[in-house]
Amino acid sequence: MTRERVLITGAAGFLGSHLCDKFVKEGYHVIAMDNLVTGDMRNIEHLMKLEQFEFYHHDVSKYVHVPGEIKYILHFASPASPIDYLKIPIQTLKVSSLGTHNILGLAKAKKARVLVASTSEVYGDPVVHPQTEDYWGNVNPVGPRGCYDEAKRFMEAITMAYHNVHGLETRIIRIFNTYGPRMRLNDGRVLPAFIGQALRGEDLTMFGDGSQTRSFCYVADLVDGIYKLLLSDHHLPVNIGNPSEITIKEFGEEILKLTGANQKLISLPLPADDPKQRKPDITKAKALLGWEPKVNRAEGLKITFEYFKSLSKEELFKTEHRQFS
Ligand code: UDP
């Protein structure tokens, strides 16, 4: 049987690995690519034995060569947590600029449709709330998040240019905070941080007074949205996220309740340029794709907590010493 071939970059990461599962399940041949700087082979280990799955250990910021036909490319390679991109700002800038350029060139050569993973970070610390796709954002290019936010903004711009100049079929998704199994325990994001702390018997580290808001989307809903957008005919950016907004303080309290931990929330200094509020306006996704999230936070958090609970004690207490080169 000849399967349609899809290339997924960042395939060993949290979102990339769930996309690999989805495309294998939908009957595609999946070509997975990752340089494993923030990805983890354990996320895709279960797929390695399948003949419709292959893995390339490659940095997409360098020239990308893939033999044979490709129908779709999903560009998900990038560090994606503030801690990661603070440690490796240059790689972060390169993967969404040079990496995206390579991916678009490959898509053009293969006549493939390409979907790039943009982010709610393009809205920066937003003054429009909730965020609609036509809001241009409030980004500090020289702050700690600048390397990520500006690289993603460049990614959108070059993707539009390839669409306009070369007629390439392109899709741009703006992903809001997403959670679920396979998030890295020590990537510094609020959900793994809080759950890890709850499981280790530590106090939960709330930054600032916890009044800043986020809106958390369960990974299965996001993957469904990505799939629908890829198959749609819309080339302009589309927000995918769960509009259910919560303050970080309330979120911490929910995690304490869920885990049954009796520690407390302690307040640490708020990092520079931490967005005060974030909530997607998903009117466009609903109208264009017939998409909306189905998993509420209580259900999603329960599944995610079970995942973190199943990690070994060693894993739970390990401090991460990733070699960022
Ligand atoms: N945060 C927190 N404690 C932590 C980690 C994060 O209070 O241990 C806060 C952070 O300041 C931000 C929110 O939680 O306001 C979400 O942070 P995250 O890094 O998960 O993602 P962001 O949406 O900021 O990219």
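When a ligand or atom number is given, it counts from 1 through the structure's own listing order.
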Protein heavy atom at shortest distance from atom 7 (O) of ligand 1: Phe207 N, 2.7 Å
Ligand 1 versus Leu191: contacting region, heavy-atom distance under 4.0 Å: neither
From the candidates Val190, Leu268, Leu265, the one that places a heavy atom nearest atom 14 (O) of ligand 1: Val190
Closest approach of any protein heavy atom to atom 10 (C) of ligand 1, naming residue and atom: Asp274 OD2, 3.3 Å
Ligand 1-proximal atoms of Thr205, by part, heavy-atom distance under 4.0 Å: both
Residue-ligand contact Phe194/ligand 1, heavy atom below 4.0 Å: yes
Non-hydrogen atom of Ser81 closer than 4.0 Å to ligand 1: no
Test item: side-chain donor near acceptor, Asp273 and Asn140, under 3.5 Å: yes
N or O contact, Pro275 vs ligand 1, cut-off under 3.5 Å: no
Identity and distance of the protein heavy atom lying nearest atom 13 (C) of ligand 1: Ile248 CD1, 3.6 Å
Geometric class of the Tyr162/His166 ring pair [parallel <30°, tilted 30-60°, perpendicular >60°]: tilted
Mutual orientation of the aromatic rings belonging to Phe251 and Phe216 [parallel < 30°, tilted 30-60°, perpendicular > 60°]: parallel
N or O pair under 3.5 Å between Asn177 and ligand 1: yes
Ligand 1 contact on Gln197 by region, counting heavy-atom pairs under 4.0 Å: neither
Plane angle bin for Phe176 and Tyr123 - parallel if under 30°, tilted between 30 and 60°, otherwise perpendicular: tilted
Closest contact, heavy atoms only, Arg171 versus Asp233: NH2-CA, 3.5 Å
Glu156 and Thr159: side chain donor to acceptor below 3.5 Å: no
Gln212 N/O under 3.5 Å from ligand 1 N/O: yes
Whether Tyr85 and Tyr148 hold their rings parallel, tilted or perpendicular, with breakpoints at 30° and 60°: parallel
Heavy atom of the protein closest to atom 25 (O) of ligand 1 (residue, atom name, distance): Arg145 NH1, 3.3 Å
Check: Ser244/Arg297 side-chain N/O donor and acceptor closer than 3.5 Å: yes
Hydrophobic cluster membership, Val114 vs Met33, 4.5 Å side-chain cutoff: yes
